[in-house]
Amino acid sequence: MQDQDMVIEEIARHYRAIIELIGENPDREGLKKTPVRAAKALYYATQGYRQDASEVMKQAIFEYAGSRMIVVRDIEFYSFCEHHILPFFGKISVGYIPDGNMIGLSKLARVVNVYARRLQVQERLTAEVTREISRTLGAKGVMVVCRAEHLCMKMRGVEKQDSSTVTMDYDGVFADDASLRQEFLSLIDN
């Protein structure tokens, strides 16, 4: 594992160079501490690279206590588009059908954070959350819906301010039963 202070110092050095390259003076009063602040912010925002989603989940797996479908909706997340390194953010809703085990609800939000706090694309984020919950929990089925807004579409390029993107992934019994998918969708759309 890399030393956190060393990594932040190196990222800050690069931020300083970027500030100079765009034509700004990194030594002026308002920018003197910006490279270090930006480096710390980036290090924090990409902490998913230094976390293991499976280990996070394994901390709170319990014997199944009885519910046909478990849904946690509107888990907010913040990520960076890997194509432009601009933020995208939104909400993820997760549903699963237990098969002997259930997970502490906060761990579902933590798994979302592990994968969101990396350079990402929304499509892969949705699939990674689905796959991790399915693999680690051994659920009968998992379904994930992600709704997000992308600054790479809002502040550059096509500049479409009202655009948003929805991605969906599912496996197991959700793949086999359209009525289960519809039930999940109705629960998250209320």
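- Within the model, atoms CD1 of Ile85 and CG of Leu151 stand 13.5 Å from one another, a figure rounded to the nearest 0.5 Å.
- In this structure the side chain of Lys58 reaches within 4.5 angstrom of the side chain of Glu55, judged on heavy atoms.
- Atom CD in Gln120 sits 8.5 Å away from atom OG1 in Thr126 (nearest 0.5 Å).
- The backbone N or O of Phe174 sits less than 3.5 Å from a side-chain atom of Arg181, completing a donor-acceptor pair.
- Within a 6.0 Å sphere centred on OH of Tyr44, heavy atoms belonging to other residues, nucleotides or ligands number 12 at most.
- The main-chain N or O of Ser54 is never found under 3.5 Å from a side-chain atom of Arg135 such that the two would form a donor-acceptor pair.
- If you run side-chain contact (heavy atoms from CB on, under 4.5 Å) between Val142 and each of Val173, Thr130, Ile97, Asp169, only Thr130 comes through.
- Of all the heavy atoms in Pro35 and Ile19, the pair that sits closest is CG-CD1, 4.0 Å.
- Looking at every heavy atom in both residues, Ala53 comes nearest to Glu132 through CB-CG, 3.6 Å.
- To the nearest 0.5 Å, the span separating CD on Glu82 from CZ on Arg124 amounts to 4.0 Å.
- Nearest heavy-atom pair across Phe80 and Ala45 is CE1-CB, 3.5 Å.
- Applying the side chain to side chain donor-acceptor pair (under 3.5 Å) test to residues at least two apart or on different chains, none of the pairs has a partner in residues 157-166.
- With hydrophobic clusters built from ILVMFWY side chains whose heavy atoms lie under 4.5 angstrom apart, Val36 does not share a cluster with Ile11.
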* Begin from the C-alpha positions of Met143 and Leu185 and carry the test side-chain contact (heavy atoms from CB on, under 4.5 Å) through to its verdict. => CA-CA 9 Å; Met143 186 162 175; Leu185 292 172; 4.0 Å; yes
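- Contacts classified as ring-ring contact (aromatic ring centres under 6.0 Å, His included) and involving residues 110-145 (residues at least two apart or in different chains) are not found.
- Annotation for Phe62 and Gly104: closest pair CE1-N, 3.8 Å, computed over non-hydrogen atoms.
- For Ile133 against Met57, the heavy-atom pair with the smallest separation is CA-CE, 3.8 Å.
- Heavy atoms from other residues, nucleotides or ligands lying under 6.0 Å from CD of Glu9 number 12 at most.
- Atom OH of Tyr78 sits in a sparse spot, with 12 or fewer heavy atoms from other residues, nucleotides or ligands closer than 6.0 Å.
- Distance check: Asp171 CG to Lys140 NZ gives 13.5 Å after rounding to the nearest 0.5 Å.
- By the rule that hydrophobic residues join a cluster once side-chain heavy atoms approach within less than 4.5 Å of another member, Val111 and Ile70 end up as members of one cluster.
- In summary, of the residues considered (Leu105, Ile103, Ile188), a side-chain contact (heavy atoms from CB on, under 4.5 Å) with Val72 occurs for Leu105 alone.
- Hydrophobic clustering (side-chain heavy atoms under 4.5 Å, transitive across Ile, Leu, Val, Met, Phe, Trp, Tyr) groups Val145 together with Tyr170.
- Note that CD of Glu10 is 13.5 Å distant from OH of Tyr43, once rounded to the nearest 0.5 Å.
- Hydrophobic cluster membership differs between Val144 and Phe184, with clusters built from Ile, Leu, Val, Met, Phe, Trp and Tyr side chains linked at under 4.5 angstrom.
- Side chains of Ser134 and Arg131: a donor-acceptor N/O pair is absent below 3.5 angstrom, by distance only.
- Legend: side chain to side chain donor-acceptor pair (under 3.5 Å) pairs involving residues 84-110, not counting sequence neighbours, sorted by first then second residue: His84-Arg156.
- Val56 and Val129 fall into different hydrophobic clusters, defined by Ile, Leu, Val, Met, Phe, Trp and Tyr side-chain heavy atoms under 4.5 Å apart, directly or through other members.
- Pairs of residues two or more places apart, or lying in two chains, that qualify as side chain to side chain donor-acceptor pair (under 3.5 Å) and include a residue from residues 16-27 are Arg16-Asp27, Glu24-Arg28.
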* Verdict with reasoning, Leu180 to Met69, per side-chain contact (heavy atoms from CB on, under 4.5 Å) -> CA-CA 9 Å; Leu180 276 178; Met69 184 185 306; 3.9 Å; yes
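- Legend: residues meeting salt bridge (Lys or Arg N to Asp or Glu O under 4.0 Å) with Arg68, ordered by chain and number and at least two apart, are absent.
- Separating the CG atom in Leu86 from the OG atom in Ser79 is a distance of 11.5 Å, to the nearest 0.5 Å.
- When all heavy atoms are compared, the tightest approach of Ala116 to Leu125 is N-CD1, 3.6 Å.
- A search for ring pair (Phe, Tyr, Trp, His ring centres under 6.0 Å) contacts involving Phe88 returns Phe77, His150, not counting sequence neighbours.
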